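What follows is a single structure, written as structure tokens, with notes after it.
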Protein chains: 2
Amino acid sequence: MDHKTVSLADQVFEHLETDILSGKYQRGDILTENHLCEILGVSRTPIREALRRLQQEHLIVETGKGSQVLGISEDDLRDIYIIREQLEGLAAKMSAEKASEEDINELKSALELQEFYLAKQNSEQIRLMDNRFHEILYKISGSHVFYNTLLPLHKKVQKYRKVSLQSQSRANESVAEHREILNAIIKHDAAAAEAFTAQHVKNAYKHIAGKD
Amino acid sequence: MDHKTVSLADQVFEHLETDILSGKYQRGDILTENHLCEILGVSRTPIREALRRLQQEHLIVETGKGSQVLGISEDDLRDIYIIREQLEGLAAKMSAEKASEEDINELKSALELQEFYLAKQNSEQIRLMDNRFHEILYKISGSHVFYNTLLPLHKKVQKYRKVSLQSQSRANESVAEHREILNAIIKHDAAAAEAFTAQHVKNAYKHIAGKD
DNA sequence: CTATGTTTTTCTGTATACAATTATACTCAA
DNA sequence: TTGAGTATAATTGTATACAGAAAAACATAG
């Protein structure tokens with residue numbers, strides 16, 4: 001389908017972003033350009049461009065002698081969930097009002113895959129399909145601003161969600177909550193979509209923070 | 001004080017960011033690297049690094065044949081204010097809880113300058129001091145996440161605020177609202193700071209959107 | 001005049017060279 | 001051994017060269 005060649009700079013960005021957000025590179029680690037050149041096998045130009053993007057995402061800071069990894073602290077995690085509690089319900093409300101037949105099918109497909117991998121107990125795939133569900137939700141809202149605000153925040157909690165979704169019971173609940181959200185959107189019930197989504201974000205944080 | 005030399009890439013980024021957010025470059029405009037090299041008098045390397053950062057801020061998109069300026073539409077404006085209405089009050093609440101003597105002095109200084117320029121009817125300087133007030137507020141909250149979320153959103157409404165603050169009456173109200181917020185923070189009255197700030201953002205949008 | 005095929009130009013993506021700065025290692029005297 | 005001073009390494013910032021792709025300009029046949 002999508003045979004558009006991706007530039008090395010884009011590949012490097014995604015690679016490093018994933019490694020930082022997964023926790024492979026940890027807070028305080030120093031990434032030097034030459035080191036990245038060696039392990040990734042490309043010249044400094046695409047490396048530097050990727051670093052400028054990571055910098056703008058606040059995943060690294062320039063120290064003048066290497067890029068220092070910031071990563072996501074538990075304080076960051078708490079604040080991200082505070083913000084998502086405020087915004088994600090609104091995005092779902094907007095999505096419920098606007099969702100087309102096709103949008104709903106996309107959500108349905110993501111949810112069915114979650115249920116499939118839930119049955120297989122494949123928590124890694126559950127997480128990826130869970131990501132897709134949220135991303136589609138942001139997209140359907142029709143707002144670039146909501147999309148561009150929520151997507152990076154959601155990406156940044158991956159390391160913690162990974163652990164949380166290894167709990168069979170939480171994975172179960174999470175998928176069930178998605179089902180409720182989807183049903184509300186199918187009915188174009190904006191208020192229900194908002195309420196279910198806000199509650200879903202709250203529940204996710206409760207489990208991640210170990211407070212339930 | 002701050003004689004730290006700023007790289008060309010940083011200068012180019014700030015230059016282009018300002019030009020896009022001020023409306024000098026408009027939605028749809030195409031920026032080619034060579035053209036930017038000529039008008040800014042630097043090589044492609046720092047230009048490209050600046051473009052990667054603008055891309056990450058969603059101010060431009062790569063078309064494969066030049067960078068297309070996105071700018072901020074009126075729909076974006078509405079969504080930005082919806083989000084700020086949700087978040088900015090929370091940031092103020094956090095700031096009221098945490099503000100040190102020095103923090104408060106910083107806010108006070110920014111506010112006094114607003115009042116000074118208000119008397120001089122210098123709307124451009126009022127706007128800049130207004131920006132500073134909000135930025136300090138985000139900073140005092142102590143949350144990188146709130147800071148990094150709110151600051152870019154606030155930057156993106158400059159073009160519209162510029163017009164709004166040319167209204168003497170709105171400039172007056174705005175500065176008065178800041179005064180209320182500051183007083184609440186001085187008293188460490190978190191609930192009042194939250195309420196005044198949320199109302200301030202609402203009022204700002206009402207005026208910008210011409211709905212009052 | 002128009003359509004088509006070809007050449008030329010433009011533009012990006014990447015690698016590399018070089019300068020400037022800063023950290024590191026090393027040498028030698030006390 | 002320690003300390004100062006110096007040479008050396010490492011690292012970033014910037015400019016530039018070159019390849020490849022895409023668009024634009026052009027020319028030619030009908």
Side-chain angles (χ1 to χ4, degrees), chain A residues 1-20 24-71 144 148, chain B residues 1-20 24-71 144 148:
Chain A
M1 304 279 185
D2 199 10
H3 281 279
K4 189 184 153 218
T5 56
V6 173
S7 70
L8 292 182
D10 286 351
Q11 290 178 50
V12 170
F13 171 73
E14 285 175 26
H15 185 114
L16 293 178
E17 186 190 37
T18 302
D19 281 356
I20 293 173
K24 182 174 163 192
Y25 292 126
Q26 298 194 358
R27 192 181 200 81
D29 285 357
I30 297 288
L31 304 177
T32 63
E33 295 174 7
N34 279 327
H35 177 240
L36 293 173
C37 287
E38 281 169 24
I39 61 177
L40 299 178
V42 300
S43 78
R44 285 177 58 212
T45 305
I47 298 283
R48 284 179 63 86
E49 294 185 12
L51 290 175
R52 290 297 86 72
R53 294 176 63 188
L54 294 170
Q55 177 186 349
Q56 205 63 19
E57 281 292 325
H58 310 287
L59 294 178
I60 60 173
V61 281
E62 293 304 314
T63 66
K65 208 74 182 180
S67 299
Q68 187 170 26
V69 173
L70 289 178
H144 292 293
N148 294 333
Chain B
M1 307 280 185
D2 199 10
H3 282 279
K4 189 184 153 221
T5 56
V6 172
S7 70
L8 293 183
D10 287 350
Q11 291 177 48
V12 169
F13 171 72
E14 285 175 26
H15 185 113
L16 294 177
E17 185 190 39
T18 303
D19 282 356
I20 293 173
K24 183 174 163 193
Y25 292 125
Q26 299 194 356
R27 192 181 199 78
D29 285 357
I30 297 288
L31 305 177
T32 63
E33 294 173 8
N34 279 326
H35 176 241
L36 294 173
C37 286
E38 281 169 24
I39 61 177
L40 299 178
V42 300
S43 76
R44 285 176 59 211
T45 305
I47 298 283
R48 283 177 64 87
E49 294 184 11
L51 290 175
R52 290 299 85 72
R53 293 177 61 189
L54 293 170
Q55 176 187 349
Q56 206 63 20
E57 280 295 324
H58 309 288
L59 294 176
I60 60 173
V61 279
E62 294 303 314
T63 66
K65 207 74 181 181
S67 298
Q68 186 170 26
V69 174
L70 288 178
H144 293 292
N148 294 333

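Per chain, numbering begins at 1; letters A, B, ... match sequence-line order. Source: prediction; values computed, not measured.
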(message) Does a side-chain N or O of A:Arg44 approach OP1 or OP2 of C:dT16 to a distance below 4.0 Å, or not?
(response) no

(message) Is A:Arg48 close enough to D:dG13 that one of its side-chain N or O atoms is under 4.0 Å from OP1 or OP2 there?
(response) yes

d([atom1], [X]; [atom2], [N]) in whole Å:
X	N	atom1	atom2	result
B:Asn34	D:dC18	CG	C1'	14 Å
B:Gln68	C:dT12	CD	C1'	16 Å
B:Glu62	C:dG13	CD	P	6 Å
A:Glu33	C:dT14	CD	C1'	15 Å
B:Glu49	C:dG13	CD	P	14 Å
A:Ile47	D:dT12	CD1	C1'	14 Å
A:Leu36	C:dA15	CG	C1'	16 Å
B:Ile30	D:dA24	CD1	P	11 Å

(message) Taking atom types as they are modelled, would you say the side chain of A:Lys65 forms a donor-acceptor pair with the base of C:dT21 within the 3.5 Å cutoff?
(response) no

(request) Please work out whether D:dA9 sits syn or anti, treating a glycosidic angle within 90° of 0 as syn. (result) syn

(message) What contact category does A:Thr45 fall into here, base, sugar-phosphate, or nothing, at under 4.0 angstrom with non-hydrogen atoms?
(response) base

(request) Would you mind reporting whether B:Asp29 and B:Gln26 have side-chain heavy atoms less than 4.5 Å apart? (result) yes

Heavy atoms from C-beta onward define the side chain here; which of [options] lies closest to that of [X]?
X	options	result
A:Thr32	D:dT11, C:dT12, D:dT14	D:dT11
A:Ser43	D:dT14, C:dT12, C:dT16	C:dT16
B:Val42	D:dT12, C:dT14, D:dA15	D:dA15

(request) Could you tell me whether the side chain of A:Glu33 and the main chain of A:Ile47 form a donor-acceptor pair under 3.5 Å? (result) no

(request) With side-chain contact (heavy atoms from CB on, under 4.5 Å) as the test, would you mind laying out the steps for B:Ile60 and B:Leu16 before giving the verdict? (result) CA-CA 10 Å; B:Ile60 60 173; B:Leu16 294 177; over 6 Å; no

(message) Under a 3.5 Å cut-off for both contacts, is C:dT22 paired Watson-Crick or G-U wobble with anything, and if yes, with which nucleotide?
(response) none

(message) Using Watson-Crick or G-U wobble geometry with both distances under 3.5 Å, which nucleotide pairs with D:dA9?
(response) none

(message) Against B:Gln55, only a single residue in B:Arg52, B:His58, B:Arg53, B:Glu57 fulfils side chain to side chain contact (heavy atoms under 4.5 Å, CB included); can you say which?
(response) B:Arg52

(request) Have a look at B:Leu59 and tell me which of B:Leu70, B:Val69, B:Ile20, B:Leu51 forms a side chain to side chain contact (heavy atoms under 4.5 Å, CB included) with it. (result) B:Ile20

(message) Judged by each residue's nearest nucleotide on DNA chain C, which is more toward the 5′ side, A:Gly64 or A:Asp10?
(response) A:Asp10

